[in-house]
*Asks:* 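Structure incoming, see below.
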Amino acid sequence: MVYGRRGFGGASDGCLLCGQRCGGSGLCPGCLADLPYQGPACRRCATPLAPAAGGRLCGDCLIAPPPFDEAVAVFDYAEPADAMIQRLKFDGRLVYARILGEIMAIEIERRGISLPRVILPVPLHPGRLAARGFNQAIEIARPLAARFGIPLDRRACRRTRATAEQTGLDAAARRRNLRRAFSATVSLTDADVVLLDDVMTTGSTLESLALAVRRAGARRVAVWVCARAASVRGG
Ligand SMILES: [Zn+2]
Ligand SMILES: [Zn+2]
C-alpha cells in the first residue's frame, strides 16, 4: 500500500490512501473496495468465525456470553484500516473519523443491523481527553448519528478511573484493570443503546461499559466498532 504523497486530507479531491482523484469523497472506489471488511463473525461478540458458522455464536459466547446483546465490527484490524485509525488517534487527522464513520454507516445499513435509540461513544478519561484533544469514538460516531438520525449522547457515561494502558495485559488483567472503570451519569431505564468504539481487542473495555449501562437500567445493549482485532474473547 502506497500512501498519498501530498499529505492526508491535504488535497481536496485526492484519495487519502493512493492520491488518485476521487472528487473529494476521501477514498477512491478501488481503495474503498480493498478495505479489510470483516467476514463471518459471532453475532454476539464479533470474533471472526469459519465461513459456515457466520451469524452464529462462538464457543466462548455459548458458555459465557458478554454483557452486550450483539456486536458489529465493520473491519478486521488490518492494513490499511489499522493505519487509518492510528492516523486519526495519534496524528489527530479527523478526516479519517469522518470517512470511517461514513463507511461504518453504509456497512451497517447494508447488513441490515437494527438501529438503537441512542449512540454512546466509549468515553476517554478526562486526562487522556485533555492530552489528545478529542475522543476518536465521538468523532467516528458523528457521521453515524447524522446518517441514521439517532442522537449521540456524549455525557451519559463517564470514565471514572484512569486505567493503565491495556496493551500487553492478558484478558484477566484487562478485566481487573477495567473493573468499575465506567459509570452512567443518567438513568438509562429501558434504553436501547449502542456503545461505539474505534477498536475492539479482547472486548474487556466494552464489557465494562456494558455492565455500567446495564446497572443504569439499559434494556438492550449493542456494540459497534470500526475494527476488531483477531484476538478472541478470553484470550
Ligand atoms: Zn485510492
Ligand atoms: Zn462470541
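Reckoned from all heavy atoms, side chains included, excluding hydrogens, waters and symmetry mates. Everything numeric here is computed off the predicted structure, so don't read it as measured data. Order of listing sets the numbers, starting from 1, for every ligand and every atom in it.
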*Asks:* So does Arg158 have more than 12 non-hydrogen atoms from other groups sitting under 6.0 Å from CZ?
*Replies:* no
*Asks:* Looking at side-chain heavy atoms only, is the closest gap between Val194 and Val223 below 4.5 Å?
*Replies:*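 Val194 does not reach Val223 side chain to side chain.
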*Asks:* Identify the residue among Arg44, Arg111, Arg220 that makes a salt bridge (charged side-chain N to carboxylate O under 4.0 Å, His left out) with Glu70.
*Replies:* Arg220
*Asks:* Taking the Zn ion (ligand 2) as the vertex, how big is the angle to SG in Cys58 and SG in Cys45, rounded to 10°?
*Replies:* 110°
*Asks:* Mind reading off the angle at the Zn ion (ligand 2) between the SG atom of Cys61 and the SG atom of Cys42, rounded to 10°?
*Replies:* 110°
*Asks:* Any carboxylate oxygen within less than 4.0 angstrom of a Lys/Arg side-chain nitrogen, looking at Arg219 and Asp190?
*Replies:* yes
*Asks:* Look at the rings of Phe75 and Tyr37 and say which category their plane angle falls in: under 30° parallel, 30 to 60° tilted, over 60° perpendicular.
*Replies:* tilted
*Asks:* Would you call Glu109 and Arg147 a salt bridge, using N to O less than 4.0 angstrom?
*Replies:* yes
*Asks:* Around the Zn ion (ligand 1), how many protein N, O or S atoms are closer than 2.8 Å?
*Replies:*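 Those protein atoms number 4 in total.
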*Asks:* Considering the options Thr205, Leu129, Leu209, which one meets the side chain to side chain contact (heavy atoms under 4.5 Å, CB included) requirement together with Arg159?
*Replies:* Thr205
